[in-house]
Amino acid sequence: MPATIVIFGASGDLTSRKLIPALYQVFRKGRLSQPLNIVGVSRSKFSHEQWRAELKKTTAEFTGKAFDEQKWSQFADQIFYLPGDIGQFEDFVALAKYLEELEAGHSNTRVYYLSTAPRFYKQAIEHLGRAGLADEAQGPRRVVIEKPFGSDVKSACDLNHATHEVFDEHQVYRIDHYLGKETVQNLLVLRFGNTIFEPIWNRNYIDHVQITVAEEVEVGSRASYYDTAGVVRDMIQNHLLQLLMVTAMEPPVRYEADSIRNEKVKVLQAIRPLEPESIREDTFRGQYRGYTASEGVKPTSRTPTFAALKLSIDNWRWQGVPFYLRSGKALSCRTTQIVIQFHAPPHKLFDDSPSSLGESNRLVIQVQPAEGIQMHFQTKVPDAGMRMRQTDLNFNYQREFRGAMPEAYERLLLDALEGDASLFARADEVEAAWRVCDPIIAAWESRDKPTLFMYDPGLWGPEECCEWMTAQGREWFDTCPVLG
Ligand code: BG6
């Protein structure tokens with residue numbers, strides 16, 4: 001069945017940087033199983049031709065060597081633009097009429113992509129409903145909702161409620177682009193497509209898990225949004241908790257949206273709620289020096305740009321295994337990695353046997369930008385008695401597979417067009433994720449808030465955070481990955 005994707009917020013950054021380049025790539029690679037029309041909607045007054053010309057420039061810039069003039073002109077023939085204001089119901093009536101003409105009355109899959117500022121989500125959804133655009137009589141109708149999905153559990157529940165007034169849950173695709181990353185999907189394959197990892201993936205073998213999403217960049221042009229959000233809302237509630245769920249979930253019964261999401265939600269439900277006293281001990285917040293000088297940030301801002309949390313998962317598999325989550329801006333390097341730290345050997349047979357955790361087996365899953373997996377283990381140094389040294393088995397995507405890794409949005413847009421919600425968050429999942437974060441945010445914003453530690457850009461966050469980890473007998477795996 002042919003498909004139409006309607007992008008609200010068509011003149012925004014996400015559309016030109018990510019959505020159109022991703023759609024162009026799937027078109028160029030021949031991955032679209034159906035003819036696709038793209039309709040952009042926003043308040044700017046573009047003609048079809050003007051919008052196409054804008055998108056050509058940006059797509060060439062963001063796809064680099066993959067840009068091909070001829071392919072682009074075939075692709076661009078299917079791009080249309082309709083000026084419209086989310087606040088004006090008549091514009092949705094006009095959109096409905098326009099889509100009918102474009103699709104010539106044939107059955108058609110439609111995906112409405114909300115790439116606007118979040119404050120417009122509810123109104124866009126309500127107007128889609130009133131204009132009859134959610135009605136599935138003429139084919140599937142889906143809505144894709146960008147993050148942030150709410151700013152706490154209450155607003156997320158409200159948004160879910162407003163969405164369900166118009167769309168049934170099977171029509172709703174809440175996006176978290178981390179799930180579209182190949183290396184995150186590979187975590188499912190590593191765990192459930194192999195036999196050797198699952199038996200050791202539990203408290204009997206694993207001391208703790210570290211999930212780090214470090215960014216080298218500062219807040220930049222998004223400073224005014226960021227200052228109202230902070231690192232927990234911006235990164236932890238969504239991306240880091242998604243990585244945690246995929247790392248910690250039980251094997252799903254089938255590779256199918258609800259089986260997967262049922263298991264993911266159970267992980268969030270098993271996270272021990274952080275009480276005010278434990279928030280003081282088990283969470284850590286920081287801000288990089290210079291943050292308050294950014295344009296758009298209040299000079300007195302106490303917004304955290306760095307967070308580290310220690311979470312416990314109360315179930316059979318993970319009892320007693322802390323999950324450390326850490327994320328920040330202006331850190332040493334850009335790296336997203338999941339470190340599975342195994343226990344030290346129980347008996348010290350060799351003088352050199354690992355006595356500290358840092359020398360014990362470790363599985364490092366490099367999510368980005370150095371996509372790969374390393375297994376660290378001790379090896380006998382040749383010709384040196386029984387001396388040992390840590391070495392590694394190193395799997396690297398670039399070496400193993402040819403071609404550039406696809407952008408996360410390619411996979412997610414294809415899945416939304418094809419109706420596969422496996423890599424999208426369900427209503428209960430986003431609400432449960434906020435339930436984990438809300439007490440932390442509340443304590444961090446309360447009068448009795450814990451210290452905000454300052455750090456210099458270019459480090460791994462505040463020094464005190466390393467001391468906090470050392471005091472627990474553990475070390476952060478602070479290694480910038482080697483690219484290439
Ligand atoms: C976004 C956050 O969701 O993810 C940004 O709002 C962050 O602050 C970005 O920079 C990181 O995404 P990626 O794919 O570059 O790791």
Side-chain angles (χ1 to χ4, degrees), residues 9 12-19 21-22 25 62-63 113-119 121 144-151 156 173-187 211-244 246 285-288 291 294 296-297 301 303-307 325-338 365-371 397 404-413 423-425 430 433-434 437 441 457 461 480-481 483:
D13 228 32
L14 184 75
T15 305
S16 54
R17 281 177 166 272
K18 298 287 182 189
L19 305 183
Q25 290 282 37
F62 295 118
T63 56
Y113 199 115
L114 304 188
S115 166
T116 64
R119 64 178 186 284
Y121 292 168
V144 179
I145 307 177
E146 262 296 331
K147 76 165 268 268
F149 196 93
S151 55
Y173 288 66
R174 296 171 195 78
I175 218 160
D176 184 312
H177 75 279
Y178 267 57
L179 290 175
K181 294 184 191 278
E182 288 285 328
T183 41
V184 176
Q185 294 162 49
N186 186 48
L187 192 48
I211 301 179
T212 297
V213 181
E215 293 186 278
E216 203 175 347
V217 290
E218 302 191 357
V219 285
S221 57
R222 295 168 70 238
S224 52
Y225 144 76
Y226 192 90
D227 205 39
T228 60
V231 62
V232 176
R233 289 191 177 95
D234 187 50
M235 297 295 287
I236 296 200
Q237 186 272 342
N238 35 76
H239 307 324
L240 279 95
L241 285 181
Q242 286 294 343
L243 296 178
L244 177 143
V246 178
R285 60 191 203 120
Q287 187 187 79
Y288 67 83
Y291 168 73
S294 324
V297 171
S301 172
T303 299
T305 60
F306 174 93
L325 270 51
R326 177 174 63 154
S327 183
K329 301 264 185 214
L331 300 185
S332 270
C333 57
R334 175 171 182 247
T335 179
T336 298
Q337 54 196 17
I338 301 169
I365 298 154
Q366 303 279 4
V367 174
Q368 64 178 18
E371 293 110 346
Y397 267 91
M405 288 285 254
E407 275 281 329
Y409 280 93
E410 295 178 32
R411 172 70 196 258
L412 295 174
L413 284 163
L423 300 175
F424 292 83
V430 282
W434 281 118
C437 294
I441 296 170
C480 290
L483 294 175

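The first residue in the sequence is number 1, and the count goes up from there. As the structure lists them, so they are numbered: ligands from 1, and atoms in each ligand from 1. Bear in mind that the values here come from a model prediction, so they are computed numbers and not experimental data.
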TODO: Mind jotting down which protein residues get a heavy-atom contact under 4.0 Å with ligand 1? Chain and number order, please.
DONE: K147, H177, Y178, K181, E215, R222, D234, M235, H239, K329, R334, Q368
Task: Basic-acidic side-chain contact under 4.0 Å: E215, K329 - done: yes
Task: Salt-bridge criterion met for D234 and R222 (N-O under 4.0 Å) - done: yes
Task: Side-chain donor/acceptor of Q185 to backbone N/O of L179, under 3.5 Å - done: yes
TODO: State which residues pass ring-ring contact (aromatic ring centres under 6.0 Å, His included) with Y113; sequence neighbours excluded, sorted by chain then number.
DONE: none
TODO: Find out whether the Lys NZ or Arg CZ of R174 is both under 6.0 angstrom from the six-membered ring centre of F424 and within 45° of the ring's axis.
DONE: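 No.
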Task: Side-chain H-bond candidate by donor/acceptor type, Y178 with Q368, under 3.5 Å - done: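 Looking only at side-chain atoms, Q368 and Y178 do form a donor-acceptor pair, the distance falling under 3.5 Å.
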